[in-house]
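Here is the structure we will look at.
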Amino acid sequence: MVMPDMQSSAPKMSARGVNVFYGDKQAIDNVSIDVDLDHVTAFIGPSGCGKSTFLRTLNRMNDTVASARVEGEITLDGEDIYSSGMDVVQLRARVGMVFQKPNPFPKSIYENIAYGPRIHGLAGNKADLDQVVEKSLRRAGLWEEVKDRLNESGTALSGGQQQRLCIARAIAVDPEVILMDEPCSALDPIATAKIEELILELRGNYAIVIVTHNMQQAARVSQRTAFFHLGKLVEQGPTTEIFTNPREERTKDYITGRYG
Amino acid sequence: MSGETALDQSGLGVPAERAPTDWRGDAMRRRIARRYASERRFRLLGMAAVLASAGFLAFLLISMMGNGLRGFTRTEVAVPIDFPRSVAMIDPAVLQTNPEQALANANLPAVLEQATTQAFGVSDTQLLSPNAVLALRDAIIRDPAILDQKVTVNLPASTGIDVAMKSEGNGTDEALASRLDDTGVISTAFNLGFLTGSDGTDPTMVGIWGALKGSLITMVITLALSFPIGVFAALYLEEYAPRNRWTDLIEVSINNLAAVPSIIFGLLGLAIFLNVMHLPRSAPLVGGMTLALMTMPVIVIAGRNAIKAVPPSIRDAALGIGASPVQVVFHHVLPLALPGILTGTIIGMARALGETAPLLMIGMRAFVSQPPGGFTDPATVLPVQIFLWSDEVGRGFIEKTSAAIIVLLAFLLTMNSIAIYLRNKFEKKW
Ligand SMILES: Nc1ncnc2c1ncn2[C@@H]1O[C@H](COP(=O)(O)OP(=O)(O)OP(=O)(O)O)[C@@H](O)[C@H]1O
Ligand SMILES: [Mg+2]
């Protein structure tokens, strides 16, 4: 399954000794982890343990929370993303994010996808843009369903379609890393399966980090898994190992469903 | 232990098994009936409230229309004039090249005097409006051939006759009016002069255009200043400003500003714009600036609420694909907040349009007989004009006041319709 040599190349993103505080309250405690380019990394752990918080430090979305404070070092291709030289807008284009709740823009389906490429100047003309829109929707497995109504509202789609629209929107700007925060939590099994398929297909082109409460899903889509508990990274390793032979008792209890 | 028993004895103890709810019992039926009744009551109350306000509005409109529509008409007298035998001194050569000048020197008032005395036995000043000379002049310019004939010209009646015909004038005018009416020389026509003229001393001569134009220019300045400043202030406070004691202070100040009585803004305008900045008195520029001071806080408050109502998930979505804060604001937040901002703008502008007090302070109550040509010309505005006319003693001004109110309401309606059209356009839900 996961070959040891796959970890030989330098990690795409790496975090060292990261602490996150909301005001005085510490939400993440000394977390160090690597995210590799050709891997899907799953973050698992009980509710409130800080998975979303940590995920949001990876593209500095925590900057928008006034009370949040981040310590430690996080690098993208070896460059510190919290350094003053890093342009946060460009960082977020390179490290895309899919949120827990589908949040399409209240604009047309076409505009939803075209917005990112347009503001980053990724498409020269209308034809290019059309192509980017089609390609992104195809990759997100939504094209067939919406190709005849690209001018309709993105918010009029079903929940699962909206989530795939958000994924298409994220990949339209061609990020290097995609962060997904429980992308399937509101979806039915069929839509979930579609998104898992999509993740498997995207794997290799993008470094993908996915937060999930669904152990089967983590086992199905990820190659590496990290288990968080009470703001600490308890254990990380190849997914097969975490699921078949966890080193920590807490990990074992969690994945066997003994607590959550 | 004893506590528990006490509870059990008083019947408050939790029963071992919950009795099944009786969904069809009498008590339940009564509860449902009560619920329906309260719902009906609520609907009736709501309908009564809507009917009451619609009734007030209808009453206002009908009474205004009843009084005011007459202000748009004028009474005319058919005066027979025998030009060849009149005292008119018109140089045909000059009439060809420069009719205005020829007629200015033609002694037309004497012609009218002669004509009215001959035909009706009264002087022209009693029978005809001072405007009649102008009307006669226009008639001659339109068709110079009448100078060689004996013709009948419809000329605007004096205020006394006008009032006597429309409502109740004084004794002599009433008698004269009814005598003339019997001979069939009196008619009613649309008073175009009311829509094109400005303030004057004789009610038959006044027009609303000067005040309307003054209001228009003032509103343009108010909007041009208060809308951008208000929107940018709201955006800055909501999207950029840190939350601290200073922004709290600013918020409280702005809320208070919106509640400050308007006359105080007038004093402020007087003190700053006129006394310190030495801008021209009575000018729409200063009026617009003063009203902008008053309108801006309303727009800021409405704007902040509208911006606050934009879901944070939209901001996250935009930031998440690498939109800069400015792009988030202008591409997503502002378009979604615009309908709310426009609602606030409508309210603020409607209030500004109806304001009199602050404009009195900066001298916009002057008698202005010429429509303003620009931002700095002396001008008056509709509500001030209404106020001035309602203060006049002449009876003829009563209907002019009502007519001016109709014009003001029409202006207000037009302004609001445009704003609501724009709002609906932006409100297009996706
Ligand atoms: N904006 C915030 N302000 C203050 N505290 C916060 C904020 N967001 C999260 N927290 C706290 O940080 C801790 C971690 O929250 P986080 O959302 O990261 O959990 P999570 O692991 O994603 O949980 P879930 O699986 O339920 O989504 C929680 O205790 C939460 O209360
Ligand atoms: Mg979460």
Side-chain angles (χ1 to χ4, degrees), chain A residues 55-56 59-67 87-109 111-122 136 151-157 162 165-175 178-181, chain B residues 231 234-251 302-343 422-430:
Chain A
L55 198 70
R56 288 164 62 91
N59 68 345
R60 291 184 57 176
M61 280 302 283
N62 278 337
D63 289 11
T64 63
V65 180
S67 67
D87 178 54
V88 61
V89 165
Q90 209 175 62
L91 170 73
R92 293 194 189 124
R94 291 170 67 189
V95 183
M97 186 158 207
V98 177
F99 295 83
Q100 190 163 347
K101 254 182 26 202
N103 56 355
F105 297 130
K107 297 179 194 285
S108 71
I109 294 171
E111 273 304 311
N112 262 281
I113 311 293
Y115 181 69
R118 196 178 283 144
I119 60 172
H120 294 296
L122 301 184
S136 309
N151 288 320
E152 281 176 32
S153 167
T155 52
L157 296 172
Q162 286 186 21
L165 183 66
C166 292
I167 294 176
R169 183 177 66 190
I171 58 183
V173 293
D174 218 9
I178 301 181
L179 311 173
M180 298 187 179
D181 195 351
Chain B
V231 171
L235 278 176
Y236 178 77
L237 286 173
E238 275 307 309
E239 298 286 321
Y240 290 98
R243 296 267 175 283
N244 57 28
R245 209 159 337 132
W246 289 111
T247 40
D248 284 351
L249 193 70
I250 291 175
E251 170 153 23
R304 289 189 69 175
N305 286 332
I307 291 166
K308 239 182 251 168
V310 174
S313 64
I314 300 293
R315 281 171 246 245
D316 278 352
L319 288 172
I321 51 171
S324 68
V326 170
Q327 286 170 333
V328 173
V329 166
F330 283 97
H331 296 164
H332 301 281
V333 175
L334 199 54
L336 289 174
L338 209 50
I341 297 176
L342 284 177
T343 306
L422 286 177
R423 190 182 68 190
N424 291 347
K425 208 175 130 182
F426 287 117
E427 214 166 29
K428 185 178 167 197
K429 277 277 170 256
W430 282 97

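Below, chains carry the letters A, B, ... as their sequence lines are ordered, and counting in each starts from 1.
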Identify the two heavy atoms, one from [X] and one from [Y], that lie closest to each other, and give their separation to 0.1 Å.
X	Y	value
A:Arg169	B:Ile321	O-CG2, 4.0 Å
B:His331	A:Lys107	O-NZ, 3.2 Å
A:Pro106	B:Leu336	CG-CD2, 3.6 Å
B:Ala323	A:Tyr115	CB-OH, 3.9 Å
A:Val89	B:Pro325	CG2-CD, 4.4 Å

Out of B:Gly322, B:Pro335, B:Gly320, return the one with the most heavy atom pairs under 4.5 angstrom to chain A.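 Among B:Gly322, B:Pro335, B:Gly320, the one with the most close pairs to chain A is B:Gly322.
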Any idea which of B:Ala318, B:Ser313, B:Ala317 has the most non-hydrogen atom pairs under 4.5 angstrom with chain A? B:Ala317
Are side-chain heavy atoms of B:Asp316 and A:Arg56 found at a separation under 4.5 Å?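 In short, these two side chains touch, coming nearer than 4.5 Å.
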Chain B contact via A:Pro104 - which portion, at a heavy-atom distance below 4.5 Å: backbone
Here the gap from A:Arg92 atom CZ to B:Ser324 atom OG, rounded to the nearest 0.5 Å, amounts to 10.5 Å
Counting heavy-atom pairs closer than 4.5 Å to chain B, which one of A:Asn59, A:Ile119, A:Asp87 comes out on top? A:Ile119
